[in-house]
Every structure is written in C-alpha cells, then in structure tokens.
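Each remark here refers to the structure printed beneath this line.
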There are 2 protein chains.
Amino acid sequence: MNSSRTADRPGLDLVDVGTPGCSPAELEGAMGVEQAAALAHTMKALADPARLRVLALVAGNEGREVCVCDLTDPLGLSQPTVSHHLKVLVDAGFLTREKRGVWAYFSLVPGALDAVAAALPGVGTPS
Amino acid sequence: MNSSRTADRPGLDLVDVGTPGCSPAELEGAMGVEQAAALAHTMKALADPARLRVLALVAGNEGREVCVCDLTDPLGLSQPTVSHHLKVLVDAGFLTREKRGVWAYFSLVPGALDAVAAALPGVGTPS
DNA sequence: CCGGGGTATCGACACTCGTCAATCCCCGAT
DNA sequence: ATCGGGGATTGACGAGTGTCGATACCCCGG
C-alpha cells in the first residue's frame, strides 16, 4: 500500500483540504481488472516475433492453406516449437486448425486482429 | 534444424518436382525478422494488465494530466512498480513524460496506439 | 497388417519479466 | 542551507515463457 501523499499539487489546492491534490480514486476510464487481464492475455499471444511472422505468413497466403511443415523452414524453428506457437494462436482465437488426414492446415480467423486493434484503450479517443 | 519433409502434399504436387510439396520458402508475406522483433517488442509493452490500465486511465483523463501518485491507488501497485510500467510505456513511445517541478505528468502520444493497430499483419487484408 | 511420415505432447533448461523493499536523486519550501 | 516529499533507480526473487530433443499419436499407403 502506498503512504504519504500529503503535499498539494500546485494550482490545484483549491477544491478541498481533504483531497490532497492527487485525486486518489477520481480517475475515469479505468479498465476493469478482468478486462485488462483478458486483453493482456490476448495480446501476449501477439507479442512474439515468431507468432507475428506466423500470422503474416498465413495472412499472405490466404488462398493457399498452410500446414506446419510450411512454417518450420521460413521461421527457422523446430517443428515442436512451431506447433506450440500455432497452438497459442489457435487458443487465442487468431487461427483455426483444420486437420485433413495427416496434415493440419491453418487459416486465420477474419476480424480477430481487428477486434484486438479496436479493444486497445484510446484508439478511438483522439485528444 | 528440421529434417525430413519428403512426402508430397495431396493435390499440390503439380508445380515442380524439386519442391517437395510443402513449398519450403515459397510463402509470401513473410515479415522480416527485425520488423517482427520490433513489433513484438512494442506489443510486449502492451501485453500487460497494469500497463493497459495505465493507458486506459491516461486516455480517460486526457484533459487532466496524470502523475504517478494518481495511478498507484487505482492500480493497487507500489510506486516503483508504477514508475517501471510508465518507463516501459514511455520507452515504447506510447506516453510522454513531462516533469514540472517535483511532479511528473504523463500524457499519451496521439496515434501511437493506432500505428500499432495498423501494423498488425492482416488487419487491412480481409480474405 | 505393417511401416512411414506429419503432428502433438512431455520434460527440461535458460532467459525474460513483473513485483516489491530499500535507497538515491532532485526540486521546492521554509 | 536544511528539510520534506515525489519520483526514478537498484537489487533480488518468484513466476512465466520460448526453445529444443525425445517421444507418443494417428492416419494413409502398400
């Protein structure tokens, strides 16, 4: 817990003596804790170079479906690692996995990236 | 290094015999390694509940500038932790720090969030 | 029925990251 | 000049994560 905060902020010491100037809990726009955790969890799935490249590769070959063995070489990662990243992306709702026979084809969920982009705080709040 | 990949994928063995079916490096839209690393580094700054709430708080109080002591209470974090998160956000280019006297006021950089949202692979690429 | 090959899972390891207590710095006020 | 207080930095620790090798699964072809 934080202590102190006994000094007044200059130019704001007018309202009340009880409010010491830092407006302790008067801030608005506070994103809920669960909402922030959920969004952070979703963005953690994107905050990785390998996964971003996976998305770029899948997005760039939207017509042709992409399997795991297509990604190991361009990414320079081992097959278990690529499979792990794909699982993370599928679990986050960015990709869909369609297993036909032995091969697993991945395609990106339309609108998933846009939903994340729109959920960022302050995107539609200019000044 | 990955090995094998000797079998052909069904229905795609038509282009060339030299390409064994998984089209080793024929994928397009491959984001550069540095570019992916930079974007991932930027998104890592956003992939945290505390930092997302900081941005929401700053964005929700655009008119009133926000100092560190304003954030410790709503976030429930200690002052060093809040300062650390603010440093990360400033370093990532999402916030600007303006120190007037003893107090440090933070305001968000307009367009920074939108730039990240636009840099996501496949945002403007619907099918 | 058996073998091969693509894929997913497991265990382990190294590295990064979020958090706090303690401390230091720096500016304004007295 | 001295004091007080807001903010940044340091050091440390626990949790989370990316990576790989080894292995298990499972479907298809012969």
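Any value given below was found using the heavy atoms of this structure, including those in side chains, with hydrogens, waters and symmetry copies removed. Please read all numbers here as calculations on a predicted model, not as lab measurements. Order of the sequence lines fixes the chain letters, A, B, ..., with proteins taken first and strands second; residue numbering starts at 1 for each chain.
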Exercise for review: Produce a footprint string for nucleotides 22-30 of chain D: one letter per nucleotide, 5' end first; B if the base is under 4.0 Å from any protein heavy atom, S if only the sugar-phosphate is, - if neither.
Suggested key: B----BS--
Check your understanding: Rounded to the nearest 0.5 Å, what separation is found between the OG1 atom of A:Thr72 and the CD atom of A:Gln79?
Key -> 8.0 Å
Review point. Quick one: B:Glu65 CD to D:dG7 P, roughly how many Å, whole number?
Key: 13 Å
**Study point:** Residues which pass side-chain contact (heavy atoms from CB on, under 4.5 Å) with A:Glu98, listed by chain and number, not counting sequence neighbours
**Key:** A:Glu65, A:Arg100
Check your understanding: B:Arg53 side chain to A:Met31 main-chain N or O, any donor-acceptor pair under 3.5 Å?
Key -> yes
**Study point:** Integer-rounded Å distance: D:dA8 P and B:Asp91 CG
**Key:** 13 Å
Review point. Can you check the A:Arg53 CZ to D:dT19 P distance for me, whole Å?
Key: 11 Å
Review point. Do any side-chain nitrogens or oxygens of A:Arg97 fall under 4.0 Å of OP1 or OP2 in C:dT7?
Key: no
Check your understanding: Expressed in angstrom and rounded to an integer, what is the separation of A:Leu86 atom CG from C:dG6 atom P?
Key -> 16 Å
Considering only nitrogen or oxygen atoms on both sides, find all protein atoms under 3.5 Å from nucleotides 16-19 of chain C and state each distance.
| residue | atom | partner | partner atom | Å |
| --- | --- | --- | --- | --- |
| C:dG18 | OP1 | B:Arg51 | NH2 | 2.5 |
| C:dT19 | OP2 | B:His85 | NE2 | 2.3 |

Review item, side-chain donor-acceptor pairs of residues 83-96 of chain A, under 3.5 Å, at least two apart:
| residue | atom | partner | partner atom | Å |
| --- | --- | --- | --- | --- |
| A:His85 | ND1 | A:Arg51 | NH1 | 3.1 |
| A:Thr96 | OG1 | A:Ser107 | O | 3.0 |
| A:Thr96 | OG1 | A:Ser107 | OG | 3.0 |

Study note, to complete from the structure: Taken in chain and number order and not counting sequence neighbours, the residues that satisfy side-chain hydrogen bond (donor to acceptor under 3.5 Å, both in side chains) with B:Thr42 are none
Review point. With no hydrogens and no angle check, is any side-chain donor or acceptor of B:Lys99 less than 3.5 Å from a backbone partner on B:Ala104?
Key: no
Point to revise | Atom pair distance, as rounded to whole Å: OH in A:Tyr105 and P in C:dA8 | key: 12 Å
Point to revise | Partner residues of A:Ala117 under the side-chain contact (heavy atoms from CB on, under 4.5 Å) criterion, sequence neighbours left out | key: B:Ala117
Study note, to complete from the structure: Separation of C:dC26 atom P from B:Trp103 atom CH2, nearest Å, is 18 Å
Review point. Do B:Val102 and B:Tyr105 share a hydrophobic cluster (ILVMFWY, side-chain heavy atoms under 4.5 Å, transitive)?
Key: yes
Review point. Tell me: CG of A:Leu71 to P of C:dG6, nearest whole Å?
Key: 14 Å
Review point. Does the side chain of B:Leu75 come within less than 4.5 Å of B:Val54's, by heavy atoms?
Key: yes
